[in-house]
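Beneath this line is the structure, given in structure tokens, with notes to follow.
In this text the structure is predicted, and so the values were computed from the model without any measurement.
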Amino acid sequence: MTNTPQQKTPWPKYETDTLDGRRQRSERSRKQIIEAMFDLMREGDLRPSATDVADRAGVGLRTVFRHFEDMDSIFEEMTEDLKKIVMPMVFAPYEATCWRDQLMELVDREARIYELVFPMQVGLLARRSGSEFLQRQYAYEVGLVRSTLQSILPDAVIADKTLFAAIEVNHTFATWHRLREDQDLTVEVATETIKRIMAALIADIDVE
């Protein structure tokens with residue numbers, strides 16, 4: 001049994017009775033297709049078919065392939081759209097000034113982000129081996145976690161390879177997924193679990 005989070009779809013809903021031109025209608029259909037794929041993945045269908053996506057979006061199958069070359073193309077655009085929502089959260093200034101407090105603040109921030117993109121990330125893990133785009137996306141996300149931590153942590157912590165690796169692995173989506181789905185923890189408990197791990201890892205660090 002899975003425990004996939006049932007958060008609201010991050011995209012705004014389109015008003016179906018809005019009068020607009022052909023270009024606006026085309027854009028609306030495109031976004032409805034992306035949203036449909038996200039919703040299906042959120043519900044546990046990690047490899048939805050084009051027919052399933054078309055049915056959920058309320059469009060014809062020909063419309064799906066008029067907008068997208070294949071299913072990975074939908075996934076790619078969904079990823080790019082989510083980046084526009086997530087990246088401001090990633091790069092928002094920290095309220096804390098101490099690196100220890102910033103590290104804990106980062107845990108809270110990642111919990112919000114990982115919950116938002118949970119369906120897409122699970123799909124990425126399931127489909128990555130067969131997609132060059134998803135492999136590149138995974139490498140990008142690994143690098144983003146690493147660079148974010150490097151911007152917070154003192155040089156002495158970064159230089160300690162085993163310590164830094166222990167910190168980094170607990171900030172990845174893979175760890176969040178393990179806590180939320182495999183261990184069936186709530187968001188709050190999963191967040192506090194990671195904070196407890198962080199506190200233990202940095203307890204003996206004598207650097208301010």
Side-chain angles (χ1 to χ4, degrees), residues 4-5 7 10 38 41 72 75-183 185-208:
T4 303
Q7 76 282 356
F38 185 91
M41 293 175 69
D72 267 2
F75 202 98
E76 184 169 353
E77 184 151 338
M78 181 175 69
T79 301
E80 292 304 313
D81 280 357
L82 281 172
K83 279 184 180 179
K84 296 174 185 176
I85 299 170
V86 167
M87 296 312 286
M89 300 168 65
V90 173
F91 293 114
Y94 292 94
E95 294 182 6
T97 56
C98 169
W99 70 268
R100 296 174 190 273
D101 293 338
Q102 287 181 349
L103 189 61
M104 299 303 174
E105 191 175 333
L106 178 61
V107 175
D108 288 324
R109 187 175 298 189
E110 287 170 339
R112 294 192 298 272
I113 292 172
Y114 288 154
E115 284 299 295
L116 179 67
V117 301
F118 203 102
M120 187 201 75
Q121 288 296 102
V122 174
L124 187 153
L125 292 173
R127 302 160 66 101
R128 191 174 71 216
S129 62
S131 169
E132 290 186 6
F133 164 73
L134 295 181
Q135 291 173 24
R136 292 195 304 271
Q137 179 63 22
Y138 177 74
Y140 169 81
E141 291 173 2
V142 169
L144 183 59
V145 169
R146 183 168 299 149
S147 62
T148 300
L149 288 169
Q150 288 171 336
S151 72
I152 293 174
L153 298 171
D155 291 341
V157 176
I158 297 172
D160 187 331
K161 291 184 179 181
T162 56
L163 175 59
F164 184 79
I167 292 173
E168 181 182 4
V169 75
N170 284 287
H171 283 266
T172 62
F173 177 78
T175 296
W176 185 255
H177 178 264
R178 177 71 179 270
L179 295 172
R180 290 283 286 119
E181 187 160 292
D182 297 347
Q183 296 192 22
L185 301 182
T186 65
V187 172
E188 293 75 15
V189 174
T191 302
E192 289 306 311
T193 299
I194 295 176
K195 286 184 176 181
R196 186 168 182 174
I197 294 170
M198 290 301 104
L201 288 171
I202 65 176
D204 296 330
I205 304 300
D206 189 20
V207 179
E208 297 302 330

Could you tabulate the donor-acceptor pairs under 3.5 Å formed by side-chain atoms of residues 195-205, not counting sequence neighbours?
residue, atom, partner, partner atom, Å
Lys195, NZ, Asp108, OD1, 3.0
Lys195, NZ, Asp108, OD2, 3.0

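Atoms CZ and OG1, on Arg178 and Thr172 in that order, are 11.5 Å from each other to the nearest 0.5 Å. Rounding to the nearest 0.5 Å places CZ of Arg136 at 7.0 Å from CD of Glu76. The CG atom of Leu103 lies 11.5 Å from the OG1 atom of Thr148; values are rounded to the nearest 0.5 Å. Rounded to the nearest 0.5 Å, atoms CD1 (Ile85) and CD1 (Ile113) are 11.5 Å apart. A distance of 10.0 Å separates OG1 of Thr79 from CD of Glu77, quoted to the nearest 0.5 Å. Expressed to the nearest 0.5 Å, how far OG1 of Thr191 lies from CZ of Arg109 amounts to 14.0 Å.
In this structure, the side chain of Glu105 engages the main chain of Ala96 through a donor-acceptor pair within 3.5 Å. At least one donor-acceptor pair under 3.5 Å links the side chain of Asn170 to the backbone N or O of Ala166.
Nearest heavy atoms, Phe38 versus Leu82: CE1-CD1, 4.0 Å. Of all heavy-atom pairs spanning Val107 and His171, the tightest one is CG2-CE1, 3.7 Å.
Within the 4.5 Å cutoff, the side chain of Phe75 has no heavy atoms near those of the Gln137 side chain. Annotation: side chain of Gln121 is not in contact with side chain of His177 (no heavy-atom distance under 4.5 Å). At a threshold of 4.5 Å between non-hydrogen side-chain atoms, the residues Val157 and Val207 do not count as touching. Considering only heavy atoms from C-beta on, Tyr94 comes within 4.5 Å of Leu106 through its side chain.
In this structure Glu141 satisfies the salt bridge (charged side-chain N to carboxylate O under 4.0 Å, His left out) test with no other residue, sequence neighbours excluded. For Arg146, the side chain to side chain donor-acceptor pair (under 3.5 Å) criterion is met by Glu168, not counting sequence neighbours.
By the 6.0 Å contact criterion, CG on Asp155 is open, its count of non-hydrogen atoms from other residues, nucleotides or ligands being 12 or less.
Ring pair Tyr114/Trp176 is tilted by interplanar angle, where 30° to 60° counts as tilted.
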Would Leu149 and Val145 count as a side-chain contact (heavy atoms from CB on, under 4.5 Å) here? Give the steps.
CA-CA 6 Å; Leu149 288 169; Val145 169; 4.1 Å; yes
